[in-house]
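Report on the following structure.
Heads up: numbering here begins at 1 and tracks the sequence. Note: hydrogens, waters and symmetry copies are ignored here, and every other heavy atom, side chains too, is used.
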Amino acid sequence: MERTDITLYVAAYKDADVHKDRTVIGSGLHKPIKNADLYDDTGDNISAKNGSFCELTALYWIWKNDSSAYVGLEHYRRFFCGKSVFKQNILSKENILSLLEGCDVILPKKHKVAKDVYRHYAKNHVKGDLDECGRIIREMHPEYAADFDKVMAGKYCSLYNMFIIKMELLNGYCGWLFPILFELEKRIDISDRTAYQQRAFGFAAERLFNVWLEHNKPKTIYKDVYTTGDIPIFVKAKTCCLNIIKSFT
């Protein structure tokens with residue numbers, strides 16, 4: 001695969017220092033952003049929805065405006081990385097191209113929840129949003145209903161709306177996802193919520209991507225995610241300890 005066949009985007013709503021292989025796509029609502037290569041308010045876009053759609057405004061821009069064979073979406077402080085005991089190594093473009101020789105999509109390692117995906121969402125967000133997603137899927141895509149139920153009842157899901165994927169698969173996913181979210185937008189009222197809970201469509205999409213994956217079953221590789229920036233030192237220490245333990249198991 002040639003280097004020109006892939007573009008690795010980093011969604012950012014504030015200043016970001018990122019790996020040289022990445023293209024920073026900034027939120028148009030938060031200009032100016034350090035090192036932004038472009039903004040999501042150009043071309044065909046939904047930039048104005050960034051407060052509630054989060055990094056999905058960058059995803060929509062990529063879907064509508066990029067023509068690479070493969071595309072990636074990471075965050076200004078979250079990147080795919082290789083496993084290391086003492087440090088996290090952000091994957092280079094060469095690392096990623098090598099991995100893609102054996103898969104269709106690279107995803108964050110699955111997150112294990114305490115009970116199930118549905119109750120985990122209900123505990124941390126607005127349960128009714130996920131219920132409405134289920135109803136919309138049954139109306140618009142009944143063939144996905146069993147997949148939705150299976151993911152919601154499961155204990156694992158890949159989060160963050162991060163991935164590196166074939167563009168043909170991204171086209172299929174986005175063509176499925178965004179009509180569901182736009183319909184959800186019509187059915188729920190987020191006006192009196194906290195700024196955090198107004199990010200409902202980004203939160204919902206994290207779970208819905210797992211539903212799409214369950215139904216379509218692309219060949220997948222899961223990788224660790226390195227979180228940079230304003231993460232408390234005790235969290236980084238815990239991660240390091242866990243990596244040390246895993247290295248001996």
- request: Given side-chain hydrogen bond (donor to acceptor under 3.5 Å, both in side chains), test Ser68 with Asp66 step by step and report yes or no.
  value: CA-CA 6 Å; Ser68 304; Asp66 191 280; 2.8 Å; yes
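- Counted within 6.0 Å of NZ on Lys217, heavy atoms from surrounding residues, nucleotides or ligands total more than 12; the atom is thus considered enclosed.
- Follow the hydrophobic side-chain contacts under 4.5 Å out from Trp176 and you reach Phe201 in the same cluster.
- One finds the CZ atom of Phe79 at 5.5 Å from the CD1 atom of Ile90 (value rounded to the nearest 0.5 Å).
- Remark: Lys14 is not positioned above the aromatic ring of Tyr76, lacking an NZ or CZ atom under 6.0 angstrom from the ring centre and at most 45 degrees off the axis.
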Pair Tyr60-Asp40, side-chain hydrogen bond (donor to acceptor under 3.5 Å, both in side chains): steps then yes or no: CA-CA 8 Å; Tyr60 186 94; Asp40 65 6; over 6 Å; no
message: Could you go through Arg199 and Ser52, starting from their C-alpha distance and side-chain angles, then the distance that decides it, and tell me whether this counts as side-chain contact (heavy atoms from CB on, under 4.5 Å)?
response: CA-CA 4 Å; Arg199 295 159 59 184; Ser52 57; 5.9 Å; no
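- In this structure, Thr57 contributes its side chain and Asn50 its backbone to no donor-acceptor pair below 3.5 Å.
- Looking at every heavy atom in both residues, Ala145 comes nearest to Ile137 through N-CG2, 4.1 Å.
- For the pair Asp149 and Arg138, the salt-bridge criterion is met [side-chain N within less than 4.0 Å of a carboxylate O].
- In this structure, the side chains of Leu184 and Cys133 come closer than 4.5 Å at one or more pairs of heavy atoms.
- Judged by distance alone, the side chain of Asp37 and the main-chain N or O of Val24 form a donor-acceptor pair under 3.5 Å.
- A salt bridge is absent between Lys219 and Asp104: the closest approach of a Lys/Arg side-chain nitrogen to an acidic carboxylate oxygen does not fall below 4.0 angstrom.
- In this structure, CD1 in Ile165 is found 9.5 Å from CE in Met167, a value given to the nearest 0.5 Å.
- Phe163 and Leu100 fall into different hydrophobic clusters, defined by Ile, Leu, Val, Met, Phe, Trp and Tyr side-chain heavy atoms under 4.5 Å apart, directly or through other members.
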- prompt: Step by step, would you call Lys109 with Lys223 a side-chain contact (heavy atoms from CB on, under 4.5 Å)?
  reply: CA-CA 5 Å; Lys109 283 191 173 178; Lys223 298 299 293 183; 5.7 Å; no
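- Side chain to side chain, Thr42 and Trp61 meet the donor-acceptor criterion of an N or O pair below 3.5 Å.
- Between Met162 and Phe80, the shortest heavy-atom distance links the atoms CE-CE1, 3.8 Å.
- Using a 4.5 Å heavy-atom threshold, the side chains of Glu143 and His215 count as touching.
- Two residues are said to be in side-chain contact when any heavy atoms from C-beta on lie closer than 4.5 Å; Val113 and Tyr156 fail this criterion.
- For the pair Leu91/Leu99, a side-chain contact is recorded, criterion being any heavy-atom separation below 4.5 Å from C-beta on.
- No side-chain donor-acceptor contact under 3.5 Å links Asn171 to the backbone of Leu169.
- Asp15 and Lys34 make their closest contact through OD1-N, 2.8 Å (heavy atoms, listed as atom of the first residue, atom of the second, distance).
- Looking at heavy atoms from C-beta onward, Arg207 lies in side-chain contact with Leu159 at the 4.5 angstrom threshold.
- With rounding to the nearest 0.5 angstrom, the NZ atom of Lys93 is 11.0 Å from the CD1 atom of Ile164.
- Connection of Val105 to Val211 is established within a shared hydrophobic cluster, with ILVMFWY side chains joined at heavy-atom distances below 4.5 Å, either directly or through further cluster members.
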- request: Start with the C-alpha gap between Leu208 and Phe148, add the side-chain angles, then the distance that decides, and say whether side-chain contact (heavy atoms from CB on, under 4.5 Å) holds.
  value: CA-CA 8 Å; Leu208 292 179; Phe148 180 84; 4.2 Å; yes
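- A tilted orientation is assigned to the rings of Phe182 and Phe178, their planes being inclined by 30° to 60°.
- Between Phe203 and the options Tyr196, Phe53, Tyr160, Tyr121, a ring pair (Phe, Tyr, Trp, His ring centres under 6.0 Å) holds for only Tyr196.
- The backbone N or O of Val10 sits nowhere less than 3.5 Å from a side-chain atom of Glu55 that would complete a donor-acceptor pair.
- No side-chain donor-acceptor contact under 3.5 Å links Tyr173 and Asn216.
- Looking at Cys103 and Thr220, their side chains never come closer than 4.5 Å, going by heavy atoms from C-beta outward.
- Across Gly26 and Ile33, no two heavy atoms sit closer than the pair CA-CD1, 3.8 Å.
- With respect to the salt-bridge test (charged N to carboxylate O, under 4.0 angstrom), the residues Lys31 and Asp41 qualify.
- Between Asp147 and Lys150 there is no salt bridge, since no side-chain nitrogen of the basic residue lies less than 4.0 Å from a carboxylate oxygen of the acidic one.
- Atom CD1 of Ile180 is separated from atom CD of Glu185 by 14.0 Å, given to the nearest 0.5 angstrom.
- The distance from the OG1 atom of Thr23 to the CG atom of Leu8 is 7.5 Å, given to the nearest 0.5 Å.
- Tyr222 has its side chain within reach of Lys110: a pair of non-hydrogen atoms, C-beta onward, lies under 4.5 Å apart.
- In terms of heavy atoms, Tyr226 sits closest to Cys81 at N-SG, 3.6 Å.
- Hydrophobic clustering, with ILVMFWY side chains joined whenever heavy atoms are under 4.5 angstrom apart, groups Leu56 together with Val71.
- Taken to the nearest 0.5 Å, the CG atom of Leu59 stands 11.0 Å off from the NZ atom of Lys64.
- A salt bridge does not link Glu139 to Arg135: none of the charged nitrogens lies less than 4.0 Å from a carboxylate oxygen.
- Between Asp129 and Arg193 there is a salt bridge, since a side-chain N of the basic residue sits under 4.0 Å from a carboxylate O of the acidic one.
- Between Ile96 and Ile6 there is a side-chain heavy-atom pair separated by less than 4.5 Å.
- In this model, no donor atom of one side chain and acceptor atom of the other lie less than 3.5 Å apart for Ser98 and Asn95.
- No donor-acceptor distance shorter than 3.5 angstrom exists from the side chain of Asp116 to the backbone of Lys155, with no hydrogens or angles considered.
- Transitive grouping of hydrophobic side chains (ILVMFWY, heavy atoms separated by less than 4.5 Å) keeps Ile106 and Trp212 in distinct clusters.
- When all heavy atoms are compared, the tightest approach of Ala58 to Ile25 is CB-CG2, 3.8 Å.
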His120/His111 under side-chain contact (heavy atoms from CB on, under 4.5 Å): CA gap, chis, key distance, verdict: CA-CA 11 Å; His120 179 263; His111 178 75; 4.3 Å; yes
